[in-house]
**Student:** 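Take this structure, written in structure tokens, and hold onto it; I'll ask about it next.
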Protein chains: 2
Amino acid sequence: MSTATENFVKAIYNNNSHDAHNTKPGNIAKKLGISSAAATDMAKKLAAKDLLNYQKYQELQLTEKGRKMAMNIIRKHRLWEAFLFKMFDMSLHDIHKEAELLEHQTSDLLANKMSEYLGHPKFDPHGDPIPNAHGEITTTDTSFPLSQAAAGNTYIISRLTSDDKEFFEFCAQHKLKYGHEIKVSKQFKNNKMTELSVHNNTILLNEDFTTLIYVNSTK
Amino acid sequence: MSTATENFVKAIYNNNSHDAHNTKPGNIAKKLGISSAAATDMAKKLAAKDLLNYQKYQELQLTEKGRKMAMNIIRKHRLWEAFLFKMFDMSLHDIHKEAELLEHQTSDLLANKMSEYLGHPKFDPHGDPIPNAHGEITTTDTSFPLSQAAAGNTYIISRLTSDDKEFFEFCAQHKLKYGHEIKVSKQFKNNKMTELSVHNNTILLNEDFTTLIYVNSTK
DNA sequence: AAAAATTTTTAAGCTTACTTAAAAATTAAT
DNA sequence: ATTAATTTTTAAGTAAGCTTAAAAATTTTT
Ligand SMILES: [Mn+2]
Ligand SMILES: [Mn+2]
Ligand SMILES: [Mn+2]
Ligand SMILES: [Mn+2]
């Protein structure tokens, strides 16, 4: 399948899993940076290939075949990220950019070799789960955005859900990395700000960031 | 530039360097598996982009800009081959197939990281030279096809110039690998066959193979 | 329940990268 | 030097993936 097809299917899958899920063509179009006319067009073509269900004005739904394709691409994407992150000294943003392209030109054989080399990792460097070769995610996600964390508790960063360069640069600079421990000292509910300490440094984050940083309670 | 453009430019370059050089659209078309009409079409488009010189019925010639592009892609191709060959246990044919796709989706940054990781290798696993980041090949090639080797002498395999799976399987099976030493025992000029020994095994090769295997004299 | 605003779809058109079939030019053979 | 064979070019057409602009349907607001 073409890169355009794969990105489209992937966008639907990601939209359904994370975000509030408006899976109509217009919203998918926004994520892909194309017109909604193009997205409607593509939706019809993919429906003809049995990758999704399309009915005028309704939400798009991946078929089982479509979901499998999405998982296969996401697997390759996250394996590339994990691989490039480990092998070379590349930033979270850079590995994402490379993976966005490489994911479409990677054989299952190569993906499996990478997975094996890495010891079949369960998570990529952003903390997102890596589907196995059968397209399954076996881990269960109990994390929640930092905006919902309680003051006084410590947490482990479990995911950084963005592809913005500045966000990652900020995170890197302040040691906000996958797996690191943080302590929330205050939640300013009205101002939607969160005060926390990382490695003995206190920082104040606004909602733009605290909804992108996911954490798990340290049981 | 698109994958189609890059493959076209690369095909012209490769045609001019190795083979007897008929660089007219029809011959390039054959190598790429497209119609000559498509190749003529593409040639005109690339001429408009100053990647090559096109005149009706004449041979295609890369401009300096075109040559630079070809070298950049070939560099990425061969770095991928070297990298995949080293990292994973993949055959010469498999690494070529993967490289053929990955070469078009690789940033200069990533290519440089790979080169650095590998210690800036001068040759890929087929024995082909890897251009540096400036698009230059600094090594000089003194090798010649095995078909032209003299009986009684020993040689070092310097290149395996094919992308055929069966050819590589045969080579792998008989230890005909880049860098290995062989001894030519007889040249059957009339039958265009070459008898040689590799690792104490004697084999007889026909011209189909002896023109693909390049060697250097052991001074 | 209308009216207004927003979103989705349709329609028409563009570029890239191909195809086949024919016409035109070149190259090889007599 | 013609003729024949081969190759290249032109012409016409297709599919994928886009665009913008308009029409149609949905959703929100009043
Ligand atoms: Mn992508
Ligand atoms: Mn990721
Ligand atoms: Mn290629
Ligand atoms: Mn090679």
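Protein chains get the first letters and strands the later ones, always in sequence-line order, with residue 1 at the start of each.
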**Student:** Looking at residues 99-107 of chain A, who's got a heavy atom less than 4.0 Å off DNA chain D?
**Tutor:** none

**Student:** Just to verify, which of B:H104, B:H126, B:H96 counts as forming a ring pair (Phe, Tyr, Trp, His ring centres under 6.0 Å) with B:H77?
**Tutor:** B:H96

**Student:** Measure the shortest side-chain to side-chain distance between A:M1 and A:M69 over non-hydrogen atoms and say whether it is less than 4.5 angstrom.
**Tutor:** yes

**Student:** Separation of A:K45 atom NZ from D:dT14 atom C1', in whole Å?
**Tutor:** 12 Å

**Student:** State plainly whether the residues A:K10 and A:E103 are in salt-bridge range, i.e. N to O under 4.0 Å.
**Tutor:** yes

**Student:** Any side-chain donor-acceptor pair under 3.5 Å between B:S162 and B:D164?
**Tutor:** no

**Student:** Give the B/S/- string for nucleotides 2-13 of chain C, one per nucleotide from 5' to 3', where a protein heavy atom under 4.0 Å of the base yields B, of only the sugar-phosphate yields S, and otherwise -.
**Tutor:** ------SBBB--

**Student:** Run the ring-centre check on A:Y214 versus A:F144 and record whether the distance is less than 6.0 Å.
**Tutor:** no

**Student:** Given atom CE of B:M42 and atom P of C:dT15, what is their separation to the nearest angstrom?
**Tutor:** 16 Å

**Student:** Rounded to the nearest angstrom, tell me the gap between atom CD in B:E59 and atom P in C:dT26.
**Tutor:** 14 Å

**Student:** So, does A:S35 get its side chain near the phosphate of D:dT19, meaning an N or O under 4.0 Å from OP1 or OP2?
**Tutor:** yes

**Student:** Once you apply the 3.5 Å cut-off to both distances, tell me the Watson-Crick or G-U wobble partner of D:dA23, or none.
**Tutor:** C:dT8

**Student:** With a 4.0 Å cut-off, would you call A:K76 and A:D108 a salt bridge?
**Tutor:** yes

**Student:** Within the 3.5 Å criterion, strictly below it, is a donor on B:N112 or B:R75 matched to an acceptor on the partner's side chain?
**Tutor:** yes

**Student:** Got a salt bridge between B:E116 and B:K113, using NZ or NE/NH1/NH2 to carboxylate O under 4.0 Å?
**Tutor:** no

**Student:** Under 4.0 Å, heavy atoms only, any strand: does B:A38 hit a base, just the sugar-phosphate, or nothing?
**Tutor:** base

